[in-house]
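Convention: sequence-line order gives letters A, B, ...; per-chain numbering from 1. Being a predicted model, the structure only gives us computed values, none of them experimental.
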Amino acid sequence: MLLAKLIFKNAFRSKLRSTLTILGISLAIIAFGFLRTVVEAWYAGVEASSASRLVTRNSISLIFPLPISYKEKIRQIEGVSSVSYGNWFGGIYIDEKNFFANFAIEPKSYLDLYPEYIVSDEHKRAFLKDRKGAVAGQNIVERFGWKIGDNITLRGTIYPGNWEFVLTGIYKGRDKTTDESQFFFHWDYLNEIVKKTVPNRADQAGFYLVGVKDPNLAVVISERIDRTFKNSLAETLTETERSFQLSFIYMTEAILMVIQIVSLIVIIIILAVVANTMAMSVRERLAEFAVFKTLGFSGGYILLMIFGESLIITSIGGIIGIICTFPAADAFASAMSNYFPVFIITKETIYLNIAVSFLIGIISAVFPAVRALRLQIAENLMKVR
Amino acid sequence: MGIFFLYSLRNLFKRRLTTILTALGMALVVFVFASILMLSEGLRQTLVDTGTYDNVVIVRKGAVSEVQSGIERHQASIIETQPEVAIGSDGKQQYAKELVVLINLPKRDTDKPSNVVIRGIEEHSLPLRPQVKIVEGRMPKPGSSEIVAGVNIAQRFKGAGIGENLNFALRSWKVVGIFDAGKTGFSSEIWADVEQLMSAFRRPVYSSVIFKLRDSSEFQRFKSRIETDPRLTVEAKREVRYYADQSETMAKFLRILGMSLTVIFSLGAIIGAMITMYAAVANRIGEIGTLRSLGFQRRDILLAFLLESLLISFIGGCTGLFLASFLQFFTVSTMNFQTFSELAFSFNLTFEIIYLSIFFSILMGFLGGVLPALRASRMQIVDSLRAG
Amino acid sequence: MDSIKTLIQVKNVCKSYRRGDLIIPVLGNLSFEIAEGEFLALMGPSGSGKSTLLNLIAGIDKPSSGSIIIDNVDITTLSETELADWRAANVGFIFQFYNLIPVLTAFENVELPLLLTTLSKKERHEHVNLALGVVNLTDRMDHYPGQLSGGQQQRVAIARAFVTDPTILVADEPTGDLDRVSADDVLGLMVRLNSELGKTIIMVTHDPRAAKKARIIKQLEKGSFNAACEADI
């Protein structure tokens, strides 16, 4: 096919320029994909959350606890299928840099409410039997090189002192979006010690996790729960897990917005670079286009040539960029594992990258194409190099 | 040489579209670069400048922030009697026991809730913080359910304006004053009487104790003694250090994200400049041959092209910086990753950032233009004349 | 009248080009002299090496072997930097396609070579005005090359060529791109520069009518490889 051959040869006419342009595009695609992945990682918690789990917490704020006596009351509310509870422990493993989420939980009911945390029966049994036992996610087990049976000490921040646990189980995430970097231990173990050291803080749960029979009734059941405790000493706020996760995101909305604006800027930058290249490339060859016209090639043919060239360059750049995004994301993920336990490049991001490359290829070619179409043959035949 | 400069400038003008596009790329990179620096600087100012060097903050050992901390009444009394505490002009100790909790309040515009810091204060809390100034109304009467709100909170949250009421902990609290603490974190807090808060939240312990050192050099001695006292399980920090530590996580996050982006973007801009300059050289091969035959040295050719590249990047850099300066009108209101509390900070433009941005843009211009300029200068005269 | 002195001595000059593995000889052991005040036309078929010879004399190329002595300076021994300085002071160029800098006005184009001297701005401007006067383009001095006709551009180029009062003027097909009238104009100027101002001119041309305006014509042909060159690897 002559057209294809022409397009390809012309696109690489100036190897240096084409290489540089492709490089520029790859970089921009890497940046774009990377930023999107950061935004998605932010929402990872939301993606992984369930609409059939509710979170009940003290209505004042998260830092205030709820009495353990609420468990029974919540369980008796119509529509509730199961209740569990937990406390954010906030312990530090050796160094603050090694951050991971750790919770004291009611072991059986909690794990039942989270089918996406896959624990082998053997580990589950061992965990339930040992008061000092702990279950940790695959991610942190690998990160710190733990083995079943290891003693793990966490330095308490909210509950002071050094707390010792034994690793009795490892969980794997069912889905790609499941956070595999959490650490769970027995609430009873925590409560036992708190009762002895700071008795006025004993018998309190940080939050309740409520399973509902019908997710469509989530809102109704939430209201029922809150009504039950209205005007008591510890009023509650119940919402779906998804809603709960989203509220954290709203609080950091501003930063997210900044990141998204920057993504847009990236696209504009690439556009500028590619448009520049196409404009130069076409300007240099005005005489050639004049010749094509004299030979009888239609305007449409010329359009195809120009758009074709532009698209080849952006496509190659886009592909290289997409491929290189993976190692770049890996590097970022390890540097930022504290903040983003889940950092994966989704299919949507890849599709969007492809779409962006394509779009830029088209837009950059518009002005030069119009110029080539409009040129007067005679005037341009003279512009021989 | 005037003509030298004019030559470069006019050549840029001749290929206007290309020059503008390249400069635009540079401008955007410098914009991102400057904004990141401005944001980090704004964050630093807010958190680090929150706090006075001579003030000491005492929290429970291991607590990362006041919110996690708990200091019992008797422990607070022990600390109060320490000799290092300064005595003020009123004859009393410059000392305050405070309670810090987070409450969820809905924002004015979006109605979405956010965590806000409420600080229970005593008589000396305000004087201990000279950055804080009452701008409207007055301080709450001790023993009452009155509160004062920081300007950021009063603006952004429902019911936090002067004369309005906030409802929490089963009580209604009236806002009797607004205080402004500049860019520091206090502007995002609400203050109330500590005993009232303790009873409302049924928290029988304080979060922290703050006092002014009578002699700044005594800090280390005080710290070692108080941290080894068997009756206490506390940790002492200078107030500035305490707040600096709190921004550690966020600052690091911004830094990593920001620098990764800048590196990627600047590579893109440099490539853009290279493409433009290679094309400029290719276009003027004949001209280069002519100039060399007239007797201009290779060095002169190199400088002329390099100058063009530097001009583009300088123009781009100034434009980007100019645009970034408008960010100063915006305030970022977000949750501090470490303390879970509301934090408002703005973009701060300093002279250092201006120098750095301009330097950065010129550096990009240099890196982008040096190779093409070298190519231009290395050409053989005969070849250039023939090709041109 | 002064005694005629030899200005240019070309001694055993060989020039070959390398194209990949091939060595293509262009000039073979050429030797001749040019007197001061001469107006020489170099003619010959395409590929005869006349332009190459011109380039060697003008100092924009170096011979593979041999020497070229101009006004007692052997330019083949000069370094790149020294050669550039030498050209600035001693050579005036006239190209077939004028080679004016498009972003500079006619005035600035003529001023360009003077920037390489130590003249003050005032002195430079005086020289430029003079030169433009000689070529009769004073009224167009602020025009850009794009606004001038081919003949006018070549006249600006000539002004640029002699504004530094160089030792030799070198012209490569100066009328190649001009119509008959402009060509005659340009040639007339060159004749005046030679006869009235005593400028030594070496011109390469295809055009027999142009050649007629010169005083000596030399033919270069491939067959002018009279002695073997030292093989250069």
Asks: Using non-hydrogen atoms only, which part of B:L17 is less than 4.5 Å away from chain A: side chain, backbone, both, or neither?
Replies: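 For B:L17, the contact with chain A is made by the side chain alone.
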Asks: Using non-hydrogen atoms only, which part of B:F330 is less than 4.5 Å away from chain A: side chain, backbone, both, or neither?
Replies: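 The answer is neither part of B:F330.
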Asks: Taking heavy atoms only and a threshold strictly under 4.5 Å, list by residue number the residues of residues 21-28 of chain A that touch chain B; give 'none' if the list is empty.
Replies: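 Within residues 21-28 of chain A, the residues under 4.5 Å from chain B are A:T21, A:L23, A:G24, A:L27.
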Asks: Any Lys/Arg nitrogen of B:R119 or B:E66 sitting under 4.0 Å from an Asp/Glu carboxylate oxygen of the other?
Replies: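 Salt bridge present between B:R119 and B:E66.
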Asks: Among the options B:L267, B:I20, B:L24, pick out the one with the most heavy-atom pairs lying under 4.5 Å from chain A.
Replies: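 The option with the most such pairs is B:L267.
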Asks: Cut-off 3.5 Å, side chains only: do A:N87 and A:Y159 have a donor facing an acceptor?
Replies: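 Yes, because at least one side-chain N or O of A:N87 sits under 3.5 Å from a partner of the opposite role on A:Y159.
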Asks: Just verifying a value: how many Å separate A:I259 CD1 and B:L257 CG, rounded to the nearest 0.5 Å?
Replies: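 Answer for the CD1-CG pair, A:I259 versus B:L257, is 5.0 Å.
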Asks: Identify which part of B:I275 has an atom lying under 4.5 Å from any heavy atom of chain A, answering side chain, backbone, both or neither.
Replies: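 Both the backbone and the side chain of B:I275 come within 4.5 Å of chain A.
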Asks: Considering non-hydrogen atoms only, spot the tightest contact between B:R284 and B:N11 and give its length.
Replies: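 In this case the closest contact between B:R284 and B:N11 is NH2-ND2, 3.2 Å.
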Asks: At a heavy-atom separation under 4.5 Å, does B:L261 approach chain A through its side chain, its backbone, both, or neither?
Replies: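 Looking at B:L261, just its side chain touches chain A.
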Asks: Of all the heavy-atom pairs spanning B:S208 and B:I71, show the shortest one and how long it is.
Replies: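 Minimum heavy-atom contact is CA-CD1, 4.0 Å.
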Asks: Do you know which of A:L35, A:T277, A:T19, A:L16 has the most heavy-atom pairs under 4.5 Å to chain B?
Replies: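 When all of A:L35, A:T277, A:T19, A:L16 are compared, A:L16 has the most.
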Asks: Quick one: is the NZ or CZ of B:R202 closer than 6.0 Å to the six-membered ring centre of A:F64, and within 45° of its axis?
Replies: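 No.
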Asks: Check whether B:S114 gets within reach of chain A through its side chain, its backbone, both or neither, counting any heavy atom under 4.5 Å.
Replies: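 Contact with chain A: backbone and side chain both.
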Asks: Check whether any side-chain heavy atom of B:N283 sits under 4.5 Å from a side-chain heavy atom of B:R15, and report yes or no.
Replies: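 Of all side-chain heavy-atom pairs linking B:R15 with B:N283, at least one is under 4.5 Å.
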Asks: Under 4.5 Å from any heavy atom of chain B, what part of A:F34 do you find: side chain, backbone, both or neither?
Replies: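 Looking at A:F34, just its side chain touches chain B.
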Asks: Under 4.5 Å, counting heavy-atom pairs only, tell me which of B:N115, B:V116, B:I270 racks up the most with chain A.
Replies: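 Sorted descending by pairs with chain A, the first entry is B:N115.
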Asks: Can you find a pair of side-chain heavy atoms, one from A:F367 and one from A:R371, that are under 4.5 Å apart?
Replies: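 The answer is no; the side chains never approach within 4.5 Å.
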Asks: By a 4.5 Å heavy-atom criterion (distance strictly below it), what part of A:N58 contacts chain B: side chain, backbone, both, or neither?
Replies: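 Neither part.
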Asks: Between A:W163, A:F100, A:F103, which is the residue that forms a ring-ring contact (aromatic ring centres under 6.0 Å, His included) with A:F89?
Replies: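 That would be A:W163; it is the only one of A:W163, A:F100, A:F103 passing the ring-ring contact (aromatic ring centres under 6.0 Å, His included) with A:F89.
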Asks: Does any heavy atom of chain B fall under 4.5 Å from the side chain of A:S243, the backbone, both, or neither of them?
Replies: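 Contact with chain B is absent: no heavy atom of A:S243 under 4.5 Å.
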Asks: Does any heavy atom of chain A fall under 4.5 Å from the side chain of B:Y278, the backbone, both, or neither of them?
Replies: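 Contact with chain A involves the side chain of B:Y278 alone.
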Asks: Under a 4.5 Å cutoff for heavy-atom pairs, which residue among B:F168, B:F31, B:F201 has the most contacts with chain A?
Replies: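 Ranked by contacts with chain A, first place is B:F201.
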Asks: Using distance alone, with no hydrogens and no angle criterion, decide if A:S61 and B:N104 have a side-chain donor and acceptor under 3.5 Å apart.
Replies: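 No pair is found: no donor N or O on one side chain lies under 3.5 Å from an acceptor on the other.
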Asks: Just checking, is any N or O donor in the side chain of B:R171 or B:S199 under 3.5 Å from an acceptor N or O on the other one?
Replies: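 Judged by distance alone, the side chains do pair up.
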Asks: Is any side-chain heavy atom of B:K61 closer than 4.5 Å to one of B:E235?
Replies: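 The answer is yes, as the side chains (C-beta and beyond) meet within the 4.5 Å cut-off.
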